[in-house]
2 protein chains.
Amino acid sequence: MVEHRLDDVFQALGHPTRRAMLTDLAARERTVGQLAEPFAISFAAASKHVKVLERAGLLERTVIGRTHVCHLAPEPIEEAYRWLGRYERFWQERLDALEAELRREHDAS
Amino acid sequence: MVEHRLDDVFQALGHPTRRAMLTDLAARERTVGQLAEPFAISFAAASKHVKVLERAGLLERTVIGRTHVCHLAPEPIEEAYRWLGRYERFWQERLDALEAELRREHDAS
DNA sequence: AATATCCTCAACCAAATGGTTGAACATAGA
DNA sequence: TCTATGTTCAACCATTTGGTTGAGGATATT
């Protein structure tokens, strides 16, 4: 079931440290150490975050010698994006309606 | 900070029951009881899920007498969608590059 | 007024999460 | 071979999460 992975993906995205790591990885490949560096947490804690991202399929790891090089993986975020996209249309309609209403109220005043 | 809300939004999306509730709400307004009905959990548990969605701003509640009518709220999912959109572009480029490379390899063989 | 309905709250529980520290492992460099 | 480096693992801790049950509040219904 595809739905199962969405649990992991959205949950992984639900922590600012992990989102920052993804942002970092969007620019270039990063070792676990490099990913950990910006944060005031222990190396082991950062390593756990990396593992969460990996379990969600958002990140893939290539072990080169003693360093682990990480890069983004495309599929799961695509899934999440498409899931949200189903609602995006709905919400866009609502936003348009809201905007129109506010405009009406403003014009009436 | 906008980032703070994204924590709540993604975390709220990270549970299948809550995503199913949102799917339900996309079709029409629902009372808490109606939202709870499809799930084999206690009413109180469902009520907690609703509260999580509400805290994330994904759902708004209108109390009418003793019933609480819920509807989707547009803004936070828009935020999440846009956040993912930044990476969607990135990943799409990667996918395109990958596809192009595969095509090249195929043509060369 | 009595009762049924819709929902929240409080207390509790087990499991997951996010953090720590210390040890261990594998590899690179002296 | 010895040591330094990059990373994981294990044990532990506090907090959060997702569930339960039982009680209670507010509103409809009779």
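On a predicted model such as this, the values are computed, not experimentally measured, just so you know. Order of the sequence lines sets the chain letters (A, B, ...), proteins ahead of strands, with each chain counted from 1.
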Would you mind reporting whether B:L13 and A:L84 have side-chain heavy atoms less than 4.5 Å apart?
yes
Expressed as a whole number of angstroms, how long is the span from A:E37:CD to D:dG6:P?
11 Å
Between D:dT7 (P) and A:M21 (CE): distance, integer Å
11 Å
For a quick check of understanding: with a heavy-atom distance under 4.0 Å over all strands, which category does B:T31 fall into, base, sugar-phosphate or nothing?
sugar-phosphate
In this structure, how many angstroms lie between the P atom of C:dT27 and the CD1 atom of A:I64, rounded?
13 Å
Let me know, please, whether B:E54 or A:H49 comes out on the 5' side of the other along DNA chain C by nearest nucleotide.
B:E54
Among D:dT7, C:dC7, C:dG22, the nucleotide that comes nearest once only the side chain of B:V32 is considered
C:dC7
Between A:Q11 and A:A45, whichever has its closest DNA chain C nucleotide further toward 5' is A:Q11
Mind calculating the distance between CG (A:D7) and P (D:dT17) to the nearest angstrom?
15 Å
Round to the nearest Å and state the distance from A:H68 atom NE2 to D:dT7 atom P.
7 Å
5' precedence on DNA chain D between A:A44 and B:G65 (nearest-nucleotide basis):
A:A44
Looking only at D:dC9, C:dG19, D:dG18, the nucleotide nearest the A:K51 side chain is D:dC9
Could you check which of C:dT20, C:dC7, D:dT20 has an atom nearest any side-chain atom of B:S42?
D:dT20
Look at all strands and tell whether A:K48 reaches a base, only sugar-phosphate, or nothing, counting heavy atoms closer than 4.0 Å.
base
Is a side-chain donor or acceptor of B:R18 paired with a backbone partner of B:A12 at a separation under 3.5 angstrom?
yes
B:H15 side chain: which of D:dG18, C:dT21, D:dT20 is closest?
D:dG18
Please work out whether the ring planes of A:Y81 and B:Y81 are parallel, tilted or perpendicular, with thresholds of 30° and 60°.
parallel
May I have the step-by-step check of side chain to side chain contact (heavy atoms under 4.5 Å, CB included) for B:T31 and B:I64, ending in yes or no?
CA-CA 10 Å; B:T31 69; B:I64 299 179; over 6 Å; no
Hey, is the side chain of A:R18 poking within less than 4.0 Å of OP1 or OP2 on C:dG18, counting only N and O atoms?
yes
To the nearest Å, how far apart are A:F43 CZ and C:dC25 P?
18 Å
Is there a donor and acceptor pair, one atom on the side chain of A:R66 and one on the base of D:dT7, closer than 3.5 Å?
no
If you look at every strand shown and take non-hydrogen atoms under 4.0 Å, does B:T67 touch a base, only sugar-phosphate, or nothing?
sugar-phosphate
Would one find more than 12 heavy atoms of other residues, nucleotides or ligands at under 6.0 Å from atom CD of B:E60?
yes
Quick one: B:L53 CG to D:dT17 P, roughly how many Å, whole number?
13 Å
Can you check the B:L59 CG to C:dC7 P distance for me, whole Å?
12 Å
